[in-house]
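Note sheet for the following structure.
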Amino acid sequence: MSLPTYAEIKKVVDGMQIPTKAFIGGKFVSALSGKTIPSMSPITGEKLADFAACGKEDVDAAVKCAQKVFNSGVWSKMHPTERKKILLKYADLIEQHTVELGVLESMDSGKPVSDCITIDVPEGVHALRWHAEYADKNYGLFSPSGDSSVGMITKEAIGVVACIIPWNFPLMTTLWKLAPSLAEGNSIIIKPASNTTLSTLRLVEYATEAGLPEGVIQVITGSGSIVGEALGMHEGVGAISFTGSTEIGRKLLEYSSKSNLKKIVLELGGKSPMVILDDVKDLSNAVNNALFSSFWNSGQSCTANSRIFVPENRKEEFVELMVASLNETWKIGNPLNPEFNYGTLISEAHFKTVMAHMDQAIKEGHRMVCGGKALTIEKGLFIAPTIFVDPTPNSDLMKTELFGPITSVIGVKSNEEAIEKANDTEYGLQATIFTEDLRSAHKYARAIKAGTVSINRYCEGDITTPFGGLKMSGFGGQDNAAAAHDQYTEVKTIFIDLDA
Ligand code: NAD
Ligand code: MN
């Protein structure tokens with residue numbers, strides 16, 4: 001869709017009704033305790049609203065409601081084709097509100113509104129439609145059990161599913177999880193990150209309008225440590241699909257082991273590599289992708305390629321090209337102005353963490369070729385795109401997910417050395433390889449330990465390919481494609497004796 005002008009967006013901002021209440025039992029409600037948390041704008045530094053700070057008692061109420069709705073069969077036993085129709089209608093309604101949702105997402109997170117309107121909302125809608133269509137296409141199996149029995153391998157909805165969402169792609173991640181879990185007939189409870197509650201709360205307003213029965217979707221806002229833990233420990237929750245940090249992922253496994261052994265699926269952090277093989281003649285495509293991958297969403301992306309391995313004899317050329325193209329690629333400014341494509345960081349706390357890493361890296365004396373500082377643009381939390389060259393192997397620049405606009409270019413003497421170093425990380429989410437040689441593409445894609453390896457373009461695949469991590473980047477399942485539906489179903493064997 002064509003982008004509205006800044007003047008038009010300002011009008012949308014001025015007229016915006018900010019959602020503040022949790023959505024429990026089909027109604028917008030305050031926390032039972034009456035407590036609230038302020039929602040701060042990363043663009044102006046001002047308070048946007050106070051939203052419901054739910055507690056354990058709100059989680060209890062939501063889980064009870066979700067169980068009741070699930071057991072009633074109003075959604076779980078609805079014909080899959082009917083569920084599909086409702087979800088497709090839901091997708092249409094969301095699409096019709098693209099600008100409103102995109103603006104809300106940008107106000108809340110500091111992401112460029114241009115991205116929110118042209119990427120986040122459309123991709124989310126696309127995911128919803130894809131999974132809606134799959135509702136009546138997810139077949140079971142027959143087992144090769146011989147003539148005297150029939151073994152049917154079926155898939156059933158789990159029941160109450162909680163989706164815990166990070167703040168970096170709030171609306172899109174919500175739709176990635178909401179779509180397959182609902183398509184399979186579950187009752188779901190969404191826990192948005194406390195920095196980004198707004199688009200999720202607006203999203204569910206359209207659920208009722210689309211015909212989703214009351215209580216099939218609920219949203220509980222509040223602090224992660226309170227609401228997240230209460231969901232994790234709850235005996236009535238059958239599964240949790242989580243996207244977030246490795247640290248909280250570990251906690252969820254603990255909650256599960258201490259409670260009802262609920263199924264846990266974890267999409268976690270990364271320190272993803274980009275590898276430019278030694279056969280690449282024209283570096284421009286790799287340079288553009290390096291800039292995009294490192295600095296898109298101000299580097300707050302779980303697959304950001306923050307370790308870029310380049311043949312030693314091309315390194316200076318690569319770095320020069322990156323620095324020269326930087327200002328053309330990234331237009332930095334108020335993210336609500338659609339002319340800009342590089343916005344703020346998410347929050348003051350995160351801004352301080354990233355700047356502390358930056359200051360540490362500078363103090364350690366690694367070579368820095370651009371950036372290295374915060375930018376004063378109005379009152380926003382901006383950090384300049386920053387490139388380091390050849391940081392030492394054990395530095396934070398090489399080991400730690402910084403989740404900010406900081407990337408490193410590292411010279412290597414051979415393709416083998418590049419792959420070995422690319423794999424020298426505890427993570428394994430995504431990797432990008434550039435090559436002009438078909439054999440190298442296959443050979444080195446196999447050699448890299450990552451859930452997704454993309455060749456000649458930085459990407460995470462698309463809705464038709466599973467997305468998840470290896471090593472400490474993930475556990476228990478994937479988002480997207482048919483694989484996502486496995487997160488929200490359980491396998492049941494039905495075995496019939498034909499001889500008795
Ligand atoms: P986070 O782990 O701090 O928070 C994620 C969610 O967990 C939030 O909703 C938060 O409120 C909740 N939470 C916090 N404490 C909790 C607790 N004790 N129990 C249960 N839930 C709790 O992560 P973040 O800062 O929101 O997101 C950044 C991280 O997410 C990065 O590490 C990034 O790599 C990762 N990420 C991964 C993917 C992926 O698909 N692999 C995608 C996006 C982000
Ligand atoms: Mn916010």
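As the structure lists them, so they are numbered: ligands from 1, and atoms in each ligand from 1.
- Nearest protein heavy-atom contact of atom 36 (N) of ligand 1 is Cys302 CB, 3.4 Å.
- Using a 4.0 Å cut-off between heavy atoms, Glu401 contacts ligand 1 through its side chain alone, with no backbone atom that close.
- With contacts defined as side-chain heavy-atom distances shorter than 4.5 Å, the pair Leu397/Leu402 qualifies.
- Ile188 places none of its side-chain heavy atoms less than 4.5 Å from the side chain of Val216.
- Heavy-atom separations between Gly469 and ligand 1 are all 4.0 Å or longer.
- Considering every non-hydrogen atom in both Arg307 and Asp424, the closest pair reads NH1-O, 4.0 Å.
- Nearest protein neighbour of atom 25 (O) of ligand 1, counting heavy atoms only, is Trp167 NE1, 2.7 Å.
- At a heavy-atom distance under 4.0 Å, only backbone atoms of Pro192 (N, CA, C or O) approach ligand 1.
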- Task: Kindly indicate, with the supporting measurements, whether the criterion side chain to side chain contact (heavy atoms under 4.5 Å, CB included) is fulfilled by Asn337 and Lys10.
- Result: CA-CA 8 Å; Asn337 182 340; Lys10 280 202 252 183; over 6 Å; no
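- In terms of protein heavy-atom proximity, atom 11 (O) of ligand 1 is nearest to Lys191 NZ, 2.9 Å.
- Nearest protein heavy-atom neighbour of atom 41 (N) of ligand 1: Leu268 O, 2.7 Å.
- Among all protein heavy atoms, the one lying closest to atom 28 (C) of ligand 1 is Phe403 CE2, 3.4 Å.
- Ion pairing between a basic and an acidic side chain is recognised when a charged N comes within 4.0 Å of a carboxylate O; Arg129 and Glu95 show such pairing.
- Heavy-atom proximity to Asn168, at under 4.0 Å, picks out these atoms of ligand 1: 43 (C), 44 (C).
- Of the protein's non-hydrogen atoms, Ile164 CG2, 3.7 Å is the one closest to atom 12 (C) of ligand 1.
- In this structure, the protein non-hydrogen atom closest to atom 27 (O) of ligand 1 is Pro166 CB, 3.6 Å.
- Between the Lys191 side chain and the Gly222 main chain, a donor and an acceptor come within less than 3.5 Å of each other.
- Contact check on Glu205 versus Arg202 returns a salt bridge, with a Lys/Arg side-chain nitrogen under 4.0 Å from an Asp/Glu carboxylate oxygen.
- When all heavy atoms of Ala193 and Pro166 are compared, the closest pair comes out as CB-C, 3.9 Å.
- Within the 4.5 Å cutoff, the side chain of Leu268 has no heavy atoms near those of the Tyr427 side chain.
- Counting heavy atoms closer than 4.0 Å to ligand 1, residue Thr303 contributes nothing at all.
- Distances below 4.0 Å separate heavy atoms of Glu229 from the following atoms of ligand 1: 19 (N), 20 (C).
- Comparing Ala193, Ser473, Gly244 against atom 35 (C) of ligand 1, the shortest heavy-atom distance belongs to Gly244.
- Set against the non-hydrogen atoms of Tyr255, the atoms of ligand 1 under 4.0 Å away are 17 (C), 18 (N), 19 (N).
- Shown in contact with Gly228 at under 4.0 Å from a heavy atom are these atoms of ligand 1, numbered in order with element: 19 (N), 20 (C), 21 (N).
- Closest to atom 17 (C) of ligand 1 among all protein heavy atoms lies Gly224 O, 3.4 Å.
- Note that atom 23 (O) of ligand 1 has protein non-hydrogen atoms nearby, at separations under 4.0 angstrom.
- A side-chain N or O of Asn305 and one of Gln430 form a donor-acceptor pair less than 3.5 Å apart.
- Between Glu254 and Arg250 there is no salt bridge, since none of the side-chain N atoms of the basic residue sits less than 4.0 Å from a carboxylate O of the acidic one.
- In this structure, Trp167 has its ring center under 6.0 Å from that of His350.
- Protein contacts to the Mn ion (ligand 2) involving N, O or S atoms at a distance below 2.8 Å are Asp108 O, Asp108 OD1, Asn195 O.
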What side-chain donor-acceptor pairs closer than 3.5 Å can you find for residues 48-57, not counting sequence neighbours?
{"residue": "Asp50", "atom": "OD1", "partner": "Lys47", "partner atom": "NZ", "Å": "3.4"}
{"residue": "Asp50", "atom": "OD2", "partner": "Lys47", "partner atom": "NZ", "Å": "3.0"}

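- In this structure the side chain of Ile362 reaches within 4.5 angstrom of the side chain of Phe388, judged on heavy atoms.
- Heavy atoms of Phe169 found under 4.0 angstrom from ligand 1: none, in either backbone or side chain.
- With rounding to the nearest 0.5 Å, the separation of CD in Glu184 from CD in Glu490 is 11.5 Å.
- Checked by distance only, ligand 1 and Ile165 come closer than 3.5 Å through their nitrogen or oxygen atoms.
- Near Lys251, meaning under 4.0 Å from one of its heavy atoms, ligand 1 places the atoms 18 (N).
- Listed by atom number, the atoms of ligand 1 under 4.0 Å from Thr243 heavy atoms are 5 (C), 36 (N), 37 (C), 38 (C), 39 (C), 40 (O), 42 (C), 43 (C), 44 (C).
- Ligand-side atoms of ligand 1 in range of Leu429: 41 (N), range being under 4.0 angstrom from any heavy atom.
- Here the side chains of Ile190 and Ile220 are not in contact, with every heavy-atom distance at 4.5 Å or above.
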- Message: Phe467 vs Trp176, test: ring pair (Phe, Tyr, Trp, His ring centres under 6.0 Å). Steps then yes/no.
- Response: CA-CA 11 Å; Phe467 177 69; Trp176 275 17; 5.8 Å; yes
